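For reference, the structure is listed below as structure tokens.
Fair warning: this is a prediction, and the values are worked out from it, not measured in the lab.
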Amino acid sequence: MTTIYYLSTIIFLLIELHWLVSPIEKTNQARKFMALSKLNKGKKWDEFSEEYKSQLKSKIWLLYVLFWMLIGLFTFQWQAFLAMIVFNFMIINPISKLVKNTFLYTILHWINSLIGFAFGVFVIVNHYHLKLNLTEILSSYVK
């Protein structure tokens, strides 16, 4: 079962890689989605424009990433997953809201994808090769 989980990390890596190779395209899609969400605010599903519905359906991969991260909290690398979740929700999201219509938004999310890609590679390599116990490493620094 753990092998299946860590193989599913490849999907996460592909998502991050897509951001890394086409950051301007992904940023334009995000801006378009923000504009469409303002236009369709307060409407019901049947009243949404077809373009907005298709954009919403294309965001399904976000549920996969969230589910993958939450399951990662139950692995022996839970500290790394917790750090990645906290980093995204406490640092990237607030800064992203501040710079959402600038070129810094693209740079911020490209850097976030680079960190996410490195994180995914670390998770796989640590599980199969390094086998670093992050709990022991962190506790040795606390003493």
Does W110 offer a backbone N or O that forms a donor-acceptor pair with the side chain of W19 under 3.5 Å? no
Non-hydrogen side-chain atoms of I107 and F103 separated by less than 4.5 Å: yes
Approximate separation, where rounding is to 0.5 Å, of F119 CZ and M84 CE: 6.0 Å
Check whether the ring centres of F33 and Y52 lie less than 6.0 Å apart, and answer yes or no. yes
What's the shortest heavy-atom distance between T9 and G120, and which atoms? CG2-O, 3.7 Å
For K100 and R31, the nearest pair of non-hydrogen atoms, with its separation, is O-NE, 3.7 Å
Could you tell me if H109 and T27 have a donor-acceptor pair between their side chains, going purely by distance under 3.5 Å? no
Partner residues of K32 under the side-chain hydrogen bond (donor to acceptor under 3.5 Å, both in side chains) criterion, sequence neighbours left out: E51
Could you work out, with salt bridge (charged side-chain N to carboxylate O under 4.0 Å, His left out) as the rule, every residue matching E50, not counting sequence neighbours? K53
According to a hydrophobic-cluster definition based on side-chain heavy atoms being under 4.5 Å apart (Ile, Leu, Val, Met, Phe, Trp, Tyr only), do F67 and I4 belong together? no
Kindly determine whether S49 and N40 satisfy side chain to side chain contact (heavy atoms under 4.5 Å, CB included), including the steps that lead there. CA-CA 8 Å; S49 66; N40 291 293; 3.8 Å; yes
List the steps, then state whether side chain to side chain contact (heavy atoms under 4.5 Å, CB included) holds for L17 with L13. CA-CA 6 Å; L17 189 61; L13 289 173; 6.0 Å; no
Please determine whether side chain to side chain contact (heavy atoms under 4.5 Å, CB included) holds for the pair F12 and F117, giving the CA-CA distance in whole Å, both sets of side-chain angles, and the decisive distance to 0.1 Å. CA-CA 8 Å; F12 174 75; F117 189 80; over 6 Å; no
State whether the side chain of E47 and the backbone N or O of K44 hold a donor-acceptor pair below 3.5 Å, judged by distance alone. yes
Same cluster or not: I85 versus V121, using hydrophobic residues (I, L, V, M, F, W, Y) connected whenever any side-chain heavy atoms lie under 4.5 Å apart? yes
Please examine the side chains of Y64 and S8, heavy atoms only from C-beta on, and report whether any two atoms are closer than 4.5 Å. yes
Mind listing the side-chain donor-acceptor pairs of residues 69-82 below 3.5 Å, one per line with the distance, residues two or more places apart or on another chain?
| residue | atom | partner | partner atom | Å |
| --- | --- | --- | --- | --- |
| T75 | OG1 | G72 | O | 2.7 |
| T75 | OG1 | Q77 | N | 3.3 |
| Q77 | OE1 | N126 | ND2 | 3.0 |
| Q77 | NE2 | Y6 | OH | 3.2 |
| Q77 | NE2 | V123 | O | 3.3 |
| Q79 | NE2 | T135 | OG1 | 2.3 |

Given the rule in the side-chain hydrogen bond (donor to acceptor under 3.5 Å, both in side chains) test, do N88 and N93 qualify, once you have shown the distances and angles that lead to the verdict? CA-CA 6 Å; N88 277 299; N93 279 347; over 6 Å; no
